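Model, not experiment: these values are computed from the prediction. For this chain, numbers begin at 1 and follow the sequence in order. Read the numbers this way: they start at 1 and go in the same order the structure lists the ligands and their atoms. Side-chain atoms are counted along with the backbone in the values below, which use heavy atoms only and exclude waters and symmetry mates.
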Amino acid sequence: MPGAYHQLLDATIGHLESLKQRGVRYVDASPESLSLLAEPAAQERTATPTSQAASTIIVQRHDEPSVYDSPKLTAADKEFAMTKLRHEALACTQCEPLVATRTQVVFGVGTVHADLMLIGEAPGLDEDKEGEPFVGAAGQLLTKIIEATGLDRDKVYIANILKCRPDTPGKIYGNRKPRPEEMETCFPWVKRQIEIIQPKVMVALGGTAVEGLLGEMPSGITRMRGNWQAYRGVPVMPTFHPSYLLRNQSWTIKRHVWEDMMQVMERLNMPISEKQRSYFQRR
Ligand code: SF4
C-alpha cells in the first residue's frame with residue numbers, strides 16, 4: 001500500500017506538534033524508535049513479514065528466545081512500534097485467496113500496555129466487516145468474561161492468530177478453521193504484537209489458537225484447558241473458545257472457562273472476591 005509509511009510519518013508529526021502546542025518540549029524516544037522512523041517502511045519495500053512459502057507447516061516454537069529477553073520498550077516506543085506494525089499488517093497480501101475475499105485485515109484491539117493478551121483463531125463475518133476481533137456474538141460473550149474478572153476490553157489486548165477471514169469458496173455464510181500453512185504465514189504478525197506488548201499472561205481461546213501459538217497441539221483442548229503452557233516464557237492459559245460456549249450451553253463448560261480465568265487472575269495478582277469465586281458453585 002504506497003503511502004502507508006507517509007501516513008504513519010504524518011501521524012507521528014501531528015502527534016509531536018500537538019504535544020508541542022501543549023508545552024511539551026521533550027519526548028522519550030529510544031534509538032530503536034528513531035531508526036525505525038528513519039527507515040523506509042517495510043511495507044513500501046514488501047508487504048510480507050516473512051518469505052515463508054505458503055506450504056510451510058507449523059513449526060515448534062520452544063527454541064526461540066524468551067519474549068522478555070527483547071529490550072524493554074518505553075510506553076511511547078510501544079505505541080509507536082504497534083502503530084507501525086498495524087500499518088504494515090493492513091497492507092499484507094501474502095495469502096491470495098484470503099486477500100481476494102476479505103474486507104480488511106483484522107489486526108487487533110486494546111492497549112499495548114496490557115498485562116493480559118487474549119488470542120483467538122481468525123476473524124469471522126462480523127469481524128471482517130468491522131475490522132475488529134471478537135465483535136460478533138462470541139465477542140460479546142468474551143467481553144462479558146473479561147468484565148467478570150474486573151477488567152475491560154480497553155485494559156487487555158485481543159488479537160487473532162490469523163488476521164484475515166478464511167475464505168469459504170462456494171458459501172456465503174459460515175466460517176472455516178484456518179489451515180496450518182495460513183497460520184504459519186500469518187504468525188509473524190501476532191509474534192511481533194506479543195514481543196511489543198510483552199504481556200504477563202496470555203489466554204489462548206480454543207484449540208486452534210493453542211496450535212497456532214505453541215506450534216503444536218499435544219492433546220485436545222478439553223484436556224489442555226486449565227493447564228498452564230508457555231510461549232517463549234509467557235504463561236499461556238488454554239481455554240475454550242467463546243463460540244464453543246455459545247454452541248454448548250453446558251453449566252460445566254462455563255464453569256471450566258471461569259476456573260481458567262480465575263487462574264489467570266491469580267497469576268496476575270488480581271483480587272478475587274467471594275462472589276467471583278462462587279459464580280459457578282452449585283447451590
Ligand atoms: S492472513 Fe495474515 S499473512 Fe495472510 S494476507 Fe492476511 S494478514 Fe497477510
Side-chain angles (χ1 to χ4, degrees), residues 1-5 7-8 40-61 64 81-110 112 117-136 138-139 157-171 174-197 202 204-215 217 231-232 241 243:
M1 183 192 288
Y5 174 67
Q7 283 174 21
L8 174 62
Q43 82 269 21
E44 293 198 348
R45 300 191 302 271
T46 168
T48 62
T50 172
S51 59
Q52 287 162 312
S55 60
T56 308
I57 56 161
I58 286 194
V59 293
Q60 307 282 318
R61 310 199 194 283
E64 297 189 57
M82 193 64 91
T83 304
K84 185 174 187 291
L85 188 72
R86 173 186 285 273
H87 274 79
E88 293 174 0
L90 296 188
C92 182
T93 55
Q94 287 189 92
C95 311
E96 271 180 37
L98 276 54
V99 171
T101 54
R102 77 184 181 197
T103 305
Q104 56 200 313
V105 173
V106 181
F107 181 70
V109 70
V112 290
M117 256 185 105
L118 298 109
I119 312 281
E121 61 173 60
L125 189 65
D126 296 314
E127 290 76 19
D128 175 67
K129 208 187 302 171
E130 300 289 326
E132 184 173 324
F134 286 96
V135 291
Y157 196 90
I158 307 172
N160 284 313
I161 294 286
L162 196 73
K163 306 295 186 202
C164 299
R165 184 176 182 227
D167 59 336
T168 51
K171 289 189 197 162
N175 297 317
R176 73 161 167 84
K177 183 181 164 177
R179 299 188 180 102
E181 64 271 19
E182 291 169 340
M183 290 198 282
E184 198 52 36
T185 304
C186 202
F187 191 74
W189 295 122
V190 76
K191 177 181 175 180
R192 262 313 277 149
Q193 288 175 306
I194 296 166
E195 288 169 348
I196 292 168
I197 295 172
M202 291 195 285
L205 299 160
T208 306
V210 176
E211 187 184 345
L213 201 53
L214 305 185
M217 190 69 190
Y231 168 75
R232 295 172 54 204
H241 193 283
S243 62

Check: Quick one: does Glu182 get a heavy atom under 4.0 Å from ligand 1?
Finding: no
Checklist line | Residues Gln193, Lys163; criterion side chain to side chain donor-acceptor pair (under 3.5 Å); working and verdict | finding: CA-CA 12 Å; Gln193 288 175 306; Lys163 306 295 186 202; 2.6 Å; yes
Checklist line | Arg102 neighbourhood, listing ligand 1 atoms whose heavy-atom distance to it stays under 4.0 Å | finding: 5 (S), 6 (Fe)
Note to self: Restricting to N/O/S atoms, is Cys92 within less than 2.8 Å of atom 2 (Fe) of ligand 1 or not?
What the structure shows: no
Next item on the list: Within a distance under 4.0 Å of any heavy atom of Lys163, pick out the atoms of ligand 1 and give their elements.
Entry: 7 (S)
Notebook entry, point to check: For Glu121, which residues count as a side chain to side chain donor-acceptor pair (under 3.5 Å) partner, sequence neighbours excluded?
Noted result: Thr208
Notebook entry, point to check: Are Arg232 and Glu195 ion-paired here, with the side-chain N under 4.0 Å from a carboxylate O?
Noted result: yes
Notebook entry, point to check: Which ligand 1 atoms, with their elements, are less than 4.0 angstrom from a heavy-atom of Cys95?
Noted result: 1 (S), 3 (S), 4 (Fe), 5 (S)
Note to self: Counting backbone and side-chain atoms alike, is an N, O or S atom of Cys164 positioned under 2.8 Å from atom 4 (Fe) of ligand 1?
What the structure shows: no
Next item on the list: Identify, with sequence neighbours excluded, every residue that meets side chain to side chain donor-acceptor pair (under 3.5 Å) alongside Asp167.
Entry: Arg176
Item checked: Presence of salt bridge, Glu211 and Lys177, under 4.0 angstrom -> yes
